[in-house]
Amino acid sequence: MSIERTLVLIKPDGVARNLSGSILARIESKGYSLVELKKVNATRDLLEQHYEEHLGKPFYEPLVEFMLSGPVVAAIFEGHRVIEGFRCLAGTTDPTTAAPGTIRGDFGRDWGLAVQQNLVHGSDSVDSAEREIKIWFGA
Ligand SMILES: Nc1ncnc2c1ncn2[C@@H]1O[C@H](COP(=O)(O)OP(=O)(O)OP(=O)(O)O)[C@@H](O)[C@H]1O
């Protein structure tokens with residue numbers, strides 16, 4: 001089995017709540033290696049590329065606005081099955097019901113807003129990881 005890479009984003013809620021260090025530490029503690037790390041003010045153009053699969057969904061515009069609301073931490077992590085492993089560590093999309101022990105389950109909740117502020121993003125396949133790493137870090 002080959003070593004995978006995944007794109008992890010700490011969304012503006014995680015950065016604003018000073019959770020970046022705690023979240024990165026959990027990923028490293030699980031055994032994945034940090035390859036690249038940066039803090040970014042995303043542009044609309046970048047987010048439209050990143051979220052193109054959600055275009056037309058009711059939460060699309062609130063999601064893009066939320067991601068523009070403050071800086072994001074973008075990271076590349078590496079390891080065997082890191083894509084699946086990180087998504088498991090992140091927990092399910094809705095932070096209210098995400099399992100305790102996961103990042104979303106331990107640190108997140110519903111704030112009554114139009115978009116689920118759920119702290120992190122992780123690529124969901126080898127193809128999307130490759131695509132998303134290019135979008136956030138270049139070739
Ligand atoms: N029904 C919804 N209502 C509000 N916001 C939503 C809803 N579904 C998804 N979102 C927001 O859009 C993001 C992308 O949705 P997706 O279905 O890809 O979730 P995910 O795979 O759990 O999260 P991500 O892609 O960010 O890792 C979610 O993380 C969340 O912030």
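Counting starts at 1 for both ligands and their atoms, following the listed order. These numbers come from a predicted model, not from an experiment.
Contacts between L63 and ligand 1, counted as non-hydrogen atom pairs separated by less than 4.0 Å, involve the side chain only. Only the backbone of A114 comes within 4.0 Å of ligand 1, counting heavy atoms alone; no side-chain atom from C-beta on gets that close. Contacts with ligand 1 closer than 4.0 Å are made by no heavy atom of H50, backbone or side chain.
The nearest pair of heavy atoms linking A114 to F59 is O-CB, 4.5 Å.
The closest protein non-hydrogen atom to atom 17 (O) of ligand 1 is H54 CE1, 3.8 Å. In terms of protein heavy-atom proximity, atom 20 (P) of ligand 1 is nearest to T93 OG1, 3.5 Å. For atom 31 (O) of ligand 1, the closest non-hydrogen atom of the protein is Q116 O, 2.8 Å. Closest protein heavy atom to atom 1 (N) of ligand 1: F59 CD2, 4.0 Å.
Taking only nitrogen or oxygen atoms, main chain and side chain alike, T92 does not reach within less than 3.5 Å of ligand 1. In terms of polar-atom proximity, defined here as any N/O pair under 3.5 Å, N118 does make such a contact with ligand 1.
Tested against R5 for a side-chain hydrogen bond (donor to acceptor under 3.5 Å, both in side chains), the candidates E36, E130, E78 yield a single pass: E78.
Side-chain atoms of S123 come within 3.5 Å of backbone atoms of L7 as a donor-acceptor pair (strictly under, hydrogens ignored).
Between E132, H121, K57, it is H121 that holds the heavy atom closest to atom 24 (P) of ligand 1.
Contact between R87 and ligand 1 is present, with at least one heavy atom of the residue lying under 4.0 Å from the ligand.
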